[in-house]
Number of protein chains: 2
Amino acid sequence: MPAQTRDRILDTSLAAFGLRGYDSTSLDELASDLGITKQAILYHFSSKEHLLNATIDLAVKELGSALGGASKSQSRGFQRIEDLVRATFSLAARRPEVLGLVRLVSRQGGAASGELASAMSVMLGEAVRFVEAEMAAGRFRRLEPRMLLLAVYSAVIGVATEPEVMRALGLEPDLRSLVKARRETIEFLRAALIAD
Amino acid sequence: MPAQTRDRILDTSLAAFGLRGYDSTSLDELASDLGITKQAILYHFSSKEHLLNATIDLAVKELGSALGGASKSQSRGFQRIEDLVRATFSLAARRPEVLGLVRLVSRQGGAASGELASAMSVMLGEAVRFVEAEMAAGRFRRLEPRMLLLAVYSAVIGVATEPEVMRALGLEPDLRSLVKARRETIEFLRAALIAD
DNA sequence: CAGATAACTTACCAAATGGTAAGTCTATGT
DNA sequence: ACATAGACTTACCATTTGGTAAGTTATCTG
């Protein structure tokens with residue numbers, strides 16, 4: 001099993017980068033978490049930046065497979081939005097580090113963000129067309145589609161990945177609250193989107 | 001003018017911490033930006049962590065004065081939400097680092113987050129009561145107030161501080177787009193909140 | 001069995017980092 | 001005139017960081 005270590009490294013670094021940040025994570029830390037030496041990491045990934053790139057690739061893949069099903073579903077109208085939000089919350093509960101990394105990269109924007117940016121562009125492009133079609137069909141309220149999506153994206157990602165704000169609101173960020181948050185987010189979006 | 005350097009340090013570190021993160025900002029960098037030595041910083045703030053604390057204090061103050069007016073305004077119903085969103089966008093355009101730091105701290109949650117957390121708790125507490133009153137008066141749609149606020153907070157902060165996502169949507173994060181984003185965010189919230 | 005290759009580890013290293021100690025320079029109060 | 005205190009700077013320092021070089025071990029191949 002030669003390629004197993006490589007996968008373990010990627011997994012651990014995805015968690016570390018996604019939850020604590022790039023600069024806050026040292027290769028030595030990653031290595032000792034994995035019970036190997038730092039040089040083993042540098043054997044598989046020639047530099048920390050390359051490791052980040054590979055980690056982003058993994059996150060993009062996981063994001064795609066988590067949201068791909070919902071995004072390509074045949075459901076129409078608000079049901080499709082609901083499917084997407086459910087898939088996002090499910091990912092946030094299962095692997096919060098993936099969304100954390102997405103947010104990290106989309107903020108920093110470094111040289112490595114190209115791939116993620118283009119992957120997101122594709123997904124967002126599809127989403128824009130979908131929303132426009134629903135608006136044209138009169139099923140969604142008429143709003144600027146891209147701004148609408150930005151607001152929806154922000155609301156979902158924020159709710160799913162800001163545990164401290166939940167605490168400030170007096171809500172424990174446990175599974176039960178997350179389920180409640182999901183339901184409320186969906187109701188919120190339904191209210192905002194459904195044309196009367 | 002003895003206390004001037006201290007203020008300049010705080011100002012620069014607020015920008016650096018808020019836009020690039022705590023670990024990604026070194027004292028040497030801050031110092032050379034300011035044209036002083038690192039030890040001058042450590043003279044005013046005995047450690048990097050103390051500097052962070054003082055920086056958070058400043059951010060809390062700026063946040064308070066930027067949103068305080070809108071939050072204590074006498075306006076009722078949706079107008080008050082609109083005032084708040086406008087104030088937030090104005091802050092995001094003028095001093096994005098303040099919101100950046102708020103988000104950074106609210107995510108990391110470190111030992112220093114106490115003050116900010118409590119300040120936010122107060123503001124959010126007021127907001128919850130306001131929303132509940134509006135719902136009781138039948139002016140706002142009935143949703144879970146805290147979850148609603150979390151979604152609103154996330155949407156506004158996200159739209160105001162995620163330039164990369166805007167780029168992925170094909171929108172330049174310049175002032176004009178920000179104005180558009182503000183208008184659309186308000187319309188989005190209006191649609192979500194106003195009871196029919 | 002020889003040797004090449006993959007998958008590591010041990011040994012280093014230069015630069016950067018947060019922090020300490022001691023000195024300098026200026027203003028102020030006595 | 002002089003001590004004192006404030007606001008720094010110059011000189012260091014230990015640790016951490018990302019990265020290189022040179023082994024070591026096991027497996028596979030001719």
Side-chain angles (χ1 to χ4, degrees), chain A residues 1-59 97 100-101 104-105 108-113, chain B residues 1-59 97 100-101 104-105 108-113:
Chain A
M1 310 134 201
Q4 201 165 10
T5 300
R6 195 176 194 276
D7 292 344
R8 285 181 59 225
I9 294 171
L10 278 179
D11 210 61
T12 305
S13 70
L14 175 53
F17 290 159
L19 295 178
R20 294 189 348 222
Y22 179 71
D23 287 308
S24 317
T25 303
S26 75
L27 295 181
D28 286 292
E29 246 179 84
L30 283 179
S32 87
D33 282 358
L34 286 161
I36 60 180
T37 59
K38 161 174 61 178
Q39 286 69 20
I41 298 177
L42 288 167
Y43 170 75
H44 290 283
F45 308 92
S46 52
S47 75
K48 195 187 179 185
E49 208 186 320
H50 282 113
L51 174 60
L52 175 61
N53 285 12
T55 304
I56 291 173
D57 285 357
L58 175 61
E97 58 266 33
L101 192 70
L104 181 113
V105 173
Q108 306 276 95
S113 70
Chain B
M1 305 132 203
Q4 202 165 9
T5 301
R6 195 177 194 274
D7 292 345
R8 286 181 59 224
I9 294 172
L10 278 178
D11 208 60
T12 305
S13 71
L14 174 53
F17 291 159
L19 295 178
R20 296 187 348 221
Y22 179 72
D23 286 308
S24 316
T25 304
S26 76
L27 295 182
D28 286 294
E29 246 178 86
L30 284 179
S32 88
D33 282 358
L34 286 161
I36 59 179
T37 60
K38 161 175 61 179
Q39 286 69 20
I41 298 178
L42 288 167
Y43 169 76
H44 290 282
F45 308 93
S46 51
S47 74
K48 195 185 179 185
E49 207 185 323
H50 283 112
L51 175 59
L52 176 62
N53 285 14
T55 304
I56 291 172
D57 285 357
L58 175 60
E97 59 266 31
L101 192 70
L104 180 114
V105 173
Q108 306 277 97
S113 71

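By convention in this document, chain letters (A, B, ...) are assigned in the order of the sequence lines, proteins followed by strands, and residues within each chain are numbered from 1.
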Side chain of B:Ser26 - closest among D:dA7, C:dA7, C:dG18: C:dG18
To the nearest angstrom, the CD-P distance between A:Gln39 and D:dA21 comes to 13 Å
Of the nucleotides D:dC8, D:dT17, C:dC8, which has the atom closest to the A:Glu29 side chain? D:dT17
If you only use heavy atoms from C-beta on, which nucleotide in C:dC8, D:dG6, C:dG18 is closest to the side chain of A:Tyr43? C:dC8
Do the side-chain N or O atoms of A:Ser47 get closer than 4.0 angstrom to the phosphate oxygens (OP1, OP2) of D:dG18? no
Any N/O donor-acceptor pair, A:Lys48 side-chain to D:dG19 base, under 3.5 Å: no
Would A:Ile36 and A:Ile9 count as a side-chain contact (heavy atoms from CB on, under 4.5 Å) if you check the C-alpha gap in whole Å, the side-chain angles of each, and the deciding distance to 0.1 Å? CA-CA 10 Å; A:Ile36 60 180; A:Ile9 294 171; 4.2 Å; yes
Any side-chain to backbone donor/acceptor pair from A:Arg8 onto A:Leu34? Under 3.5 Å, distance only. yes
Considering non-hydrogen atoms only, spot the tightest contact between B:Leu27 and B:Lys48 and give its length. CD2-CG, 3.9 Å
Examine distances only and state if a side-chain atom of A:Lys38 and a backbone atom of A:Ser26 form a donor-acceptor pair shorter than 3.5 Å. no
Using whole Å, report how far CD1 of B:Ile41 lies from P of C:dG18. 9 Å
Would you mind reading off the distance between B:Leu34 atom CG and D:dC8 atom C1', rounded to a whole angstrom? 14 Å
Are any of B:Thr5's side-chain N or O atoms less than 4.0 Å away from OP1 or OP2 of D:dC8? yes
Any side-chain heavy-atom pair of B:Phe45 and B:Leu10 under 4.5 Å: yes
Rounded distance (Å) that lies between atom P of C:dA21 and atom NZ of B:Lys38: 15 Å
Without decimals, in angstroms, what is the distance between B:Leu51 CG and C:dG19 P? 10 Å
Reckon B:Leu42 touches a base, only the sugar-phosphate, or nothing at all at heavy-atom distances under 4.0 Å? base
How long is the line joining CG of A:Asp28 and P of C:dT17, in whole Å? 16 Å
Among D:dC8, C:dG19, C:dC8, which nucleotide has an atom closest to any side-chain atom of B:Leu27? C:dG19
Looking at D:dT9, C:dC8, C:dG19, which one has an atom nearest to any side-chain atom of B:Ala40? D:dT9
Distance check needed: C:dC8 P versus A:Arg8 CZ, whole Å only. 9 Å
Distance check needed: C:dG19 P versus B:His44 NE2, whole Å only. 16 Å
